[in-house]
Each structure stands twice: as C-alpha cells, then as structure tokens.
Amino acid sequence: MAMDLEAEGEKKEEAAERQYMEGVKQLCESGIKKVPNKYILPASERPRVNGRRDTAAQNLSLKLPVIDLSLLHSKDHASVIQSLEKACEEYGFFQIVNHGIPIEVIRDMVGVVRRFFELPFEERSKYMSSDIRNPVRYGTSFNQMNDKVFSWRDFLKLSCHPISSALPFWPSSPADLRDKALLYVKEMKSLFMDLMEAILETLGVNRGVLEEFRTGSHILVANCYPVCPEPGLTLGMPPHSDYGFLTLLLQDDVEGLQIQHGDEWVTVEPVPDSLVVNIGDHFEIFSNGRYKSVLHRVLVNPAKLRISVASLHSLPIERVVGPSPDLVDDDDNPRRYMDTDFASFLDYIASCESKHKNFLESRRLTPGKALPDSQPI
Ligand SMILES: O=C(O)CCC(=O)C(=O)O
Ligand SMILES: [Fe+2]
C-alpha cells in the first residue's frame, strides 16, 4: 500500500516536471492559482516587490541616461560621445531615442512576437530544442536543463547570422513572422554597427575591429512573461549579465526589467518606442574592465503579460575575444582578463549549476567577488 502511494507520488512528480518543461504559458493555461514550488525562490533571492528597497519613490530617483542618437551625426557629435562614455562607465545600461528605426518596424515586431506566444501549444512546441546550436529554439526558464528553480519565462531564440541559412528554420506561423522579424533584424544590425562605432570612439581604440562585427554573431531572443499569481515568490529572469558585446532590448509598456546599480535594484521604466542598450561580458573583457557588464533581472507582473525582444551582438563565434591591446599596458593597465572563445563558453553553460559562478568571473585574471550566471545563449 505504502509502495503504491510512493509510486503514485513519483508518477505525479514526473508528470509535473514534464509540464514545467512545456513552459509557463502552458502551465498558466492549465488554470493554476498559485506559483508551483518549482518556481519559488529561496527567501533571500526573492524580489521583495513590496519590500523596503523596491519602493516606487526610490526607483523614480534613478533614471537611466537617455541618449538622443539623431545627434550622433550632427554638430553635437562630441557631446553625444561624451554622454555615451559616461553612460557606459557609470551604468553599463542606457536608453536610446530618435534611433531612426521606423516605429512600425518596432511595433510590428512586438505584435508578431505576442501573436507567436498566443499560438496553440502544439504549434509553438514544434520549435522546442535543447540544442543551443539550433537556428530556432523555443524554451522556458533561464537555462532549463540546469535550473533547479525555474524562471517565469518562455522564449523563442532566432539565430540571425548567417541570415540566409537561419531564415528557413524560423517559425512559419504566424504567417508574417519571418517578414516582420527580418525587417527588425536588419534594423538592429545597422543600429548596432552605428553604436559600436561610437562606443569604440569613446574608448579611443583602433577601429579596425569594427569591420569584424559585420559578420559577427547575432541572436534575437523574444521573451514572454505570463501573468503571475504570486509575483513576490519568483522572477522572470534571475540576476544575470549578457554574453556578447552589446544587447539592444525592446520592451513593451509593462515594466519588469531591473538593473543592479550600487546596492539597489532599479527599474528601467519603459519609454515608448525607445530601446535599452547594455554592455555584455565580451565588451567588459575587450575594454579590459573599463566598461562593466551589469547584472539585471526581470520581475513578473500580477496583472499583465509582458513581452520583450533582445538583440544580442558579438564578434564571429570562432573569434577569440581578449582585451584590446590599445587598453593594456604593463604599468597602469595590466591585462585583467584572459582570452575567451565560444567553445569555453559552451563548456561553461553545460556545466554551470550554481547561480553564483559567473562566466566572466571564470575569465578574470584577478578574481574578485563571485557574481551570478551569464545569460545562456
Ligand atoms: O525582458 C527583459 O527586459 C530583459 C531580457 C534579458 O535580460 C535578456 O533577454 O537577456
Ligand atoms: Fe539579459
């Protein structure tokens, strides 16, 4: 009898585990009223949405720098470069406005992603894969093969380089997804190149490297954070830093993104049609630590589903990344990071279970304090 109960219990647990792998959207559609244990963080890692540190007044007092990109090619060029330098150095995160991307391209992208996540599970699940080299991947949580506690997030990752070999694998439904995403991807690439050129100028390094970014890696990650019945118990994404050089993030009008600034978690308030830009691990290494990749996380919402689209950019995957020789000298600026390559990053993600070991930390030559995980690609 006891054996039967035990076996039954195990079966139920296995069924629940299978269900979690199908994603949060699917879980919510099964009618849950509470957050299952699988998603509940230890008390010390919970977001404390109503807690002391996260009061609206404190959040409002820290606004991210807003850069008007239309001024980059004007007589105000020098002052934009100065603002960019300050934003990269002090925050590692900034918002850009007047970036020149047609508003309908941006709105169509959010719209088509929203419609993708509204598709029946059978349609979305065609793209599920645990192989990170797949040109299209639908999945859930942060790193679902290793996470002990799951994150309240489903995602669709689209490889964008080389575009001609990736495109035929992108979802064929909604019928306009490929067209809308392709337009968006082209705009992101050209905006990234402009930003990279300007940020390299802030560092005063040789611009020869700029050309290499043209054939660099480019991945689009569409995130869906369903409505959560108990948002104080879980996170949409745990604290992490992004892997590449720059991430260009589009968020809809629902707030959720927070960055670590000093000891505080600061909410990045959505500014309509703007983009959020942040420094990734590769840029921290390349700049020899002058610009830092900043930890960020995502809170979930009790009333509204949230959509975001991250465009992640780096050098070609076979390229070794190390500190720029222009930023290293034996006296004042010794090399602070070892070279890194894609293969060592893949080894890292396959092995990382602990939340408190960071990819970047593993490349640091003078280890400082341990930080949480990097974004798995
Ligand atoms: O959804 C967001 O606001 C942030 C997403 C993010 O951090 C990521 O995709 O790496
Ligand atoms: Fe991120």
Side-chain angles (χ1 to χ4, degrees), residues 22-29 99 101-129 134-142 144 151-161 163 166-189 191-192 218-228 236-237 242 247-257 268 270-278 296 298-301 303-313 375-377:
E22 293 180 351
V24 186
K25 190 97 199 325
Q26 182 68 354
L27 179 71
C28 293
E29 280 159 17
H99 38 59
I101 299 175
I103 299 305
E104 59 282 8
V105 172
I106 289 188
R107 296 193 182 159
D108 284 354
M109 185 65 205
V110 176
V112 78
V113 162
R114 194 181 299 282
R115 284 183 282 119
F116 173 82
F117 287 109
E118 282 165 4
L119 290 172
F121 175 70
E122 295 64 40
E123 190 58 39
R124 278 177 278 142
S125 63
K126 284 182 190 165
Y127 305 102
M128 272 181 175
S129 163
N134 250 11
V136 56
R137 261 187 340 123
Y138 179 70
T140 191
S141 192
F142 185 64
Q144 83 194 75
S151 295
W152 201 260
R153 165 223 191 199
D154 295 339
F155 64 81
L156 175 70
K157 293 195 184 185
L158 302 177
S159 165
C160 309
H161 183 81
I163 191 71
L167 191 62
F169 293 95
W170 289 5
S172 48
S173 171
D176 54 342
L177 185 140
R178 288 185 191 173
D179 286 351
K180 301 263 160 66
L182 185 59
L183 281 179
Y184 185 76
V185 159
K186 286 183 176 161
E187 295 285 352
M188 284 299 113
K189 183 72 183 200
L191 181 58
F192 163 74
H218 185 183
I219 294 167
L220 211 66
V221 186
N223 299 301
C224 171
Y225 308 96
V227 170
C228 179
M237 265 206 215
D242 292 346
T247 302
L248 276 50
L249 179 85
L250 175 60
Q251 46 174 350
D252 70 4
D253 57 349
V254 181
E255 62 178 41
L257 175 63
V268 178
V271 173
D273 307 317
S274 74
L275 291 158
V276 177
V277 181
N278 66 284
H296 51 288
V298 179
L299 305 187
V300 284
N301 194 291
K304 289 180 180 165
L305 176 146
R306 178 172 182 271
I307 296 285
S308 72
V309 183
S311 186
L312 299 128
H313 301 260
Q375 160 86 73
I377 49 169

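Of all the heavy atoms in Ser172 and Tyr127, the pair that sits closest is N-OH, 3.3 Å. Taking every heavy atom of both residues into account, Glu187 and Pro102 meet most closely at OE2-CD, 3.6 Å. The heavy-atom pair separating Ser274 from His99 by the smallest distance is CA-NE2, 4.1 Å. Among all heavy-atom pairs drawn from Ser151 and Phe142, the shortest one is OG-CB, 3.9 Å. The shortest heavy-atom contact between Leu305 and Val254 is O-CG2, 3.7 Å. What you find for Val300 and Trp152 is that their closest heavy atoms are CG1-CD1, 3.6 Å.
In this structure, Pro174 and Leu119 have side chains that are in contact, with non-hydrogen atoms separated by less than 4.5 Å. Looking at heavy atoms from C-beta onward, Val227 lies out of side-chain contact with Cys28 at the 4.5 angstrom threshold. Contact of the Ile163 side chain with the Trp170 side chain is registered, since non-hydrogen atoms from C-beta on lie closer than 4.5 Å. Residues Val298 and Arg153 are not in side-chain contact: their nearest non-hydrogen atoms beyond the backbone lie 4.5 Å or more apart.
With values rounded to the nearest 0.5 angstrom, Phe117 atom CZ is found 8.0 Å from Arg124 atom CZ. Atoms CZ and OG, from Arg178 and Ser173 in turn, are 10.0 Å apart once rounded to the nearest 0.5 Å. Between the CG atom in Leu191 and the CG atom in Leu248 there is a gap of 5.0 Å [rounded to 0.5 Å]. Atom CZ of Arg306 sits about 6.0 Å away from atom CG of Leu257, to the nearest 0.5 Å. Separating the CD1 atom in Ile307 from the CG atom in Asp253 is a distance of 11.0 Å, to the nearest 0.5 Å. Taken to the nearest 0.5 Å, the CG atom of Leu312 stands 9.0 Å off from the CG atom of Leu249.
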Would Asp176 and Arg115 count as a salt bridge (charged side-chain N to carboxylate O under 4.0 Å, His left out) if you check the C-alpha gap in whole Å, the side-chain angles of each, and the deciding distance to 0.1 Å? CA-CA 10 Å; Asp176 54 342; Arg115 284 183 282 119; 2.9 Å; yes
Going through the distances and angles, do Met109 and Leu220 end up as a side-chain contact (heavy atoms from CB on, under 4.5 Å)? CA-CA 11 Å; Met109 185 65 205; Leu220 211 66; 3.6 Å; yes
Verdict with reasoning, Met237 to Tyr225, per side-chain contact (heavy atoms from CB on, under 4.5 Å): CA-CA 9 Å; Met237 265 206 215; Tyr225 308 96; 3.6 Å; yes
Mind running side-chain contact (heavy atoms from CB on, under 4.5 Å) on Met188 and Leu250 for me, showing each step along the way? CA-CA 10 Å; Met188 284 299 113; Leu250 175 60; over 6 Å; no
Verdict with supporting geometry, Val185 and Lys189, side-chain contact (heavy atoms from CB on, under 4.5 Å): CA-CA 6 Å; Val185 159; Lys189 183 72 183 200; 5.6 Å; no
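With sequence neighbours left out, the side chain to side chain contact (heavy atoms under 4.5 Å, CB included) criterion links Thr140 to Val24, Gln144, Phe150, Asp154.
Judged purely by atom type and a 3.5 angstrom limit, Asn134 has no side-chain atom pairing as donor or acceptor with the backbone of Arg137.
Applying the side-chain contact (heavy atoms from CB on, under 4.5 Å) test between Ile106 and each of Ile101, Val309, Leu183 identifies Ile101 as the sole match.
Taking the ring axis of Tyr184 as reference, the NZ or CZ atom of Lys180 does not stay both within 45° of it and closer than 6.0 Å to the ring centre.
Crowding of Phe121 atom CZ: a count of heavy atoms from other residues, nucleotides or ligands under 6.0 Å exceeding 12.
Using bins of under 30°, 30° to 60° and over 60° for the plane-to-plane angle, the ring pair Phe116/Tyr138 lands in the perpendicular bin.
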